[in-house]
2 protein chains.
Amino acid sequence: MPKDTFFNLPEDKRVRIEQAAIEEFGNYHFDASSVNRIVENAGIAKGSFYQYFSDKKDLYKHIMSLIITKKLEYMSPLLQNPFGLDVFTLLHELYASGLSFALGNPALLEIGNKLLSDPSHELYVEILAENKEKSDQFFLHILQAAENRGEIRQGLDLPLVAYLLTTLNIAVSDYYTRRTEKRVYSREMMEDIEKFIDIVRLGIANNEGGKTVDQS
Amino acid sequence: MPKDTFFNLPEDKRVRIEQAAIEEFGNYHFDASSVNRIVENAGIAKGSFYQYFSDKKDLYKHIMSLIITKKLEYMSPLLQNPFGLDVFTLLHELYASGLSFALGNPALLEIGNKLLSDPSHELYVEILAENKEKSDQFFLHILQAAENRGEIRQGLDLPLVAYLLTTLNIAVSDYYTRRTEKRVYSREMMEDIEKFIDIVRLGIANNEGGKTVDQS
DNA sequence: AGGTCACATGACTAATAGGTCACATGAGGT
DNA sequence: ACCTCATGTGACCTATTAGTCATGTGACCT
């Protein structure tokens with residue numbers, strides 16, 4: 001947690017520091033990032049930095065919490081009532097909101113990915129472990145509800161499928177922010193999400209109960 | 001490329017250096033890794049190190065090439081004749097060999113993952129870009145052949161599916177080396193691979209031509 | 001014996017890092 | 001006018017880094 005002095009700062013200064021930090025952590029992972037560069041870009045003295053944060057990690061965690069908050073903003077409409085939609089529509093919406101976040105906040109996504117990708121790092125455990133657990137639990141609940149409603153076929157290994165859905169969720173954003181040139185939200189992207197979902201749908205849907213799945 | 005002096009070294013010394021490097025790069029990503037620690041653990045003088053390698057990056061690339069070679073060893077039986085099997089059997093074998101490699105060489109996998117996970121790093125581009133391209137091309141060819149043989153349904157976005165298959169390939173190893181406690185090759189794992197493949201199979205198989213898919 | 005050459009060595013350099021600290025500043029209260 | 005106290009500041013400290021280089025060593029050749 002940053003110190004009170006940080007939150008007492010005039011907003012523009014606080015924001016300048018956060019911007020500089022986002023810039024730095026977007027370009028370098030935690031160990032390679034430099035407090036010197038951050039204070040330089042933020043236009044503050046190094047001593048001031050340590051009036052606001054106990055150490056580099058303190059700032060990093062603050063930025064991560066900004067990211068998590070922002071991401072939840074994108075998803076919150078869905079999280080209000082996750083069981084109101086059928087599982088495939090819900091997945092679609094989740095992936096779409098994830099992609100919106102990714103496209104709207106590429107720098108934040110980059111920081112998140114840098115951390116996400118090094119599970120052996122102490123910070124990973126410290127920051128993400130519990131969140132990831134929650135995400136898995138969330139998908140698991142969704143799947144269990146879907147199973148009860150007969151939307152997906154019997155006998156699926158739900159934790160395994162939940163893992164797959166989490167992976168695919170990340171992959172969707174990755175597909176667009178890393179693999180292609182398109183960085184702007186477009187109809188084409190929504191169609192691609194449909195394609196991902198279609199495969200999952202066919203893969204796990206309950207196709208036996210006469211309930212034919214529409215794959216337009 | 002390491003210098004000749006390195007390859008002229010007595011084997012045990014060469015191996016000692018490689019082991020120390022693998023240990024180091026497994027624990028720290030490139031920027032955080034330390035030549036000082038490597039030479040200390042290998043029991044050689046720092047000056048000697050620079051007789052063998054032009055710089056840290058030189059050693060790193062050497063280790064990466066060891067990893068790639070090792071991984072190809074696991075896959076080579078499959079790569080000999082990739083079109084001899086139907087696409088789902090081939091995928092199954094590919095994933096299984098990937099998992100074998102992962103379980104048999106956890107340190108190497110870790111190094112690979114650390115690099116794989118930071119596409120913004122200069123080394124990523126330098127080392128992996130072309131390999132990844134090749135992997136995508138490989139999956140794409142497989143899918144095209146499968147499409148011609150009518151094994152998968154028409155109208156699929158093959159590059160997108162190829163991307164999904166690459167992602168899933170990595171995920172399979174990840175699922176076991178990071179998500180579960182099981183680190184030893186077992187029948188259970190092979191069954192889980194089946195589960196992943198089953199979902200893909202239903203997701204992309206051609207179910208219309210009366211060719212029923214066996215999902216035992 | 002003398003010379004050559006590949007390899008070994010660790011003290012050294014220059015740069016950078018994260019973090020500290022003695023001191024400066026300035027607004028608010030009395 | 002004086003004091004207090006939160007905040008600002010940058011020189012400084014210690015640790016560590018990648019990489020260099022002058023010197024040492026010993027096997028082999030003539």
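Lettering of chains follows the sequences in order, A, B, ..., and the numbering in each one begins at 1. Everything numeric in this text was worked out from a predicted model, so none of it was measured.
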Visitor: How is S48(A) classified with respect to the nucleic acid when contacts are heavy atoms under 4.0 Å: base, sugar-phosphate, or nothing?
Guide: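 Base contact.
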Visitor: Counting primed atoms plus P, OP1 and OP2 as sugar-phosphate and everything else as base, spell out the protein contacts along nucleotides 22-28 of chain C at 4.0 Å heavy-atom distance: B, S or - for each nucleotide, 5' to 3'.
Guide: -------
Visitor: Within a 6.0 Å radius of atom CE on M190(A), are there more than 12 heavy atoms belonging to other residues, nucleotides or ligands?
Guide: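 Yes, because the 6.0 Å sphere around CE of M190(A) holds more than 12 heavy atoms from other groups.
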Visitor: Strictly by modelled atom types, are E126(A) and H121(A) linked by a side-chain donor-acceptor pair under 3.5 Å?
Guide: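 Looking only at side-chain atoms, H121(A) and E126(A) do not form any donor-acceptor pair under 3.5 Å.
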Visitor: Pairs counted only when both distances fall under 3.5 Å, Watson-Crick or G-U: show me the 5' to 3' dot-bracket for DNA chain D, [ ] for pseudoknotted crossings and | for other-strand partners.
Guide: ||||||||||||||||||||||||||||||
Visitor: Need two values: the first and the last nucleotide of DNA chain D, 5' to 3', having an atom under 4.0 Å from any heavy-atom of chain B.
Guide: dT17(D) to dC21(D)
Visitor: Is there a donor-acceptor pair closer than 3.5 Å between any side-chain N or O of H141(A) and the backbone N or O of Q137(A)?
Guide: yes
Visitor: Please compare K46(B) and F6(B) by the position of their nearest nucleotide in DNA chain C and report the one closer to 5'.
Guide: F6(B)
Visitor: Would you please classify the geometry between the Y175(A) ring and the Y163(B) ring as parallel, tilted or perpendicular, with 30° and 60° separating the classes?
Guide: tilted
Visitor: What's the separation between atom OG1 in T89(B) and atom CG in L94(B), rounded to the nearest 0.5 Å?
Guide: 11.0 Å
Visitor: Do NZ/NE/NH1/NH2 and the carboxylate oxygens of K46(A) and E40(A) come within less than 4.0 Å?
Guide: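 No.
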Visitor: Output the rounded distance in Å from CG (L59(A)) to C1' (dG18(C)).
Guide: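 One finds 13 Å between C1' of dG18(C) and CG of L59(A), rounded.
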Visitor: Considering residues at least two apart in sequence or located in another chain, which fulfil the salt bridge (Lys or Arg N to Asp or Glu O under 4.0 Å) criterion with E191(B)?
Guide: R187(B)
Visitor: Is there a donor and acceptor pair, one atom on the side chain of K56(A) and one on the base of dG19(C), closer than 3.5 Å?
Guide: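 Answer no: no donor N or O sits under 3.5 Å from an acceptor.
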Visitor: Excluding sequence neighbours, so at least two apart, what forms side chain to side chain contact (heavy atoms under 4.5 Å, CB included) with K70(A)?
Guide: E73(A), Y74(A), F101(A), N105(A), L108(A)
Visitor: Return no unless some side-chain N or O of Y50(A) is found under 4.0 Å from OP1 or OP2 of dG19(C).
Guide: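 Yes, because at least one side-chain N or O of Y50(A) sits under 4.0 Å from OP1 or OP2 of dG19(C).
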Visitor: Starting from P on dC21(C), measure out to CZ on F49(A) and report it in whole angstrom.
Guide: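 In whole Å, dC21(C) P and F49(A) CZ are 17 Å from each other.
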Visitor: Over how many whole Å does the gap from F53(A) atom CZ to dT20(C) atom P extend?
Guide: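 The answer, rounded to whole Å, is 15 Å.
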Visitor: When you measure from the side chain of E24(A) to the backbone of I38(A), do you find a donor-acceptor pair of N or O atoms at a distance under 3.5 Å?
Guide: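 Not confirmed, E24(A) side chain does not pair with I38(A) backbone.
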Visitor: Please state whether the rings of F30(A) and F25(A) are parallel, tilted or perpendicular, taking 30° and 60° as the class boundaries.
Guide: parallel
Visitor: Can you pull out the residues from residues 8-34 of chain A that lie within a 4.0 Å heavy-atom distance of DNA chain C?
Guide: S33(A), S34(A)
Visitor: With a 4.5 Å limit on heavy-atom distance, are the side chains of V161(A) and I199(B) in contact?
Guide: yes
Visitor: Just so I know, are the side chains of I152(B) and L156(B) near enough to count as touching, which here means a heavy-atom distance under 4.5 Å?
Guide: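 Of all side-chain heavy-atom pairs linking L156(B) with I152(B), at least one is under 4.5 Å.
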Visitor: Tell me whether D198(B) is salt-bridged to K195(B), with the criterion being a basic N under 4.0 Å from an acidic carboxylate O.
Guide: no
Visitor: Rounded to whole angstroms, how far apart are CG on N36(B) and P on dC12(C)?
Guide: 16 Å
Visitor: Distance check, rounded to the nearest 0.5 Å: K71(B) atom NZ versus L66(B) atom CG?
Guide: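 Answer rounded to 0.5 Å: 15.0 Å.
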Visitor: Which part of the nucleic acid does Y52(B) contact within heavy-atom distance under 4.0 Å: base, sugar-phosphate only, or nothing?
Guide: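 Here Y52(B) touches the backbone only, sparing every base.
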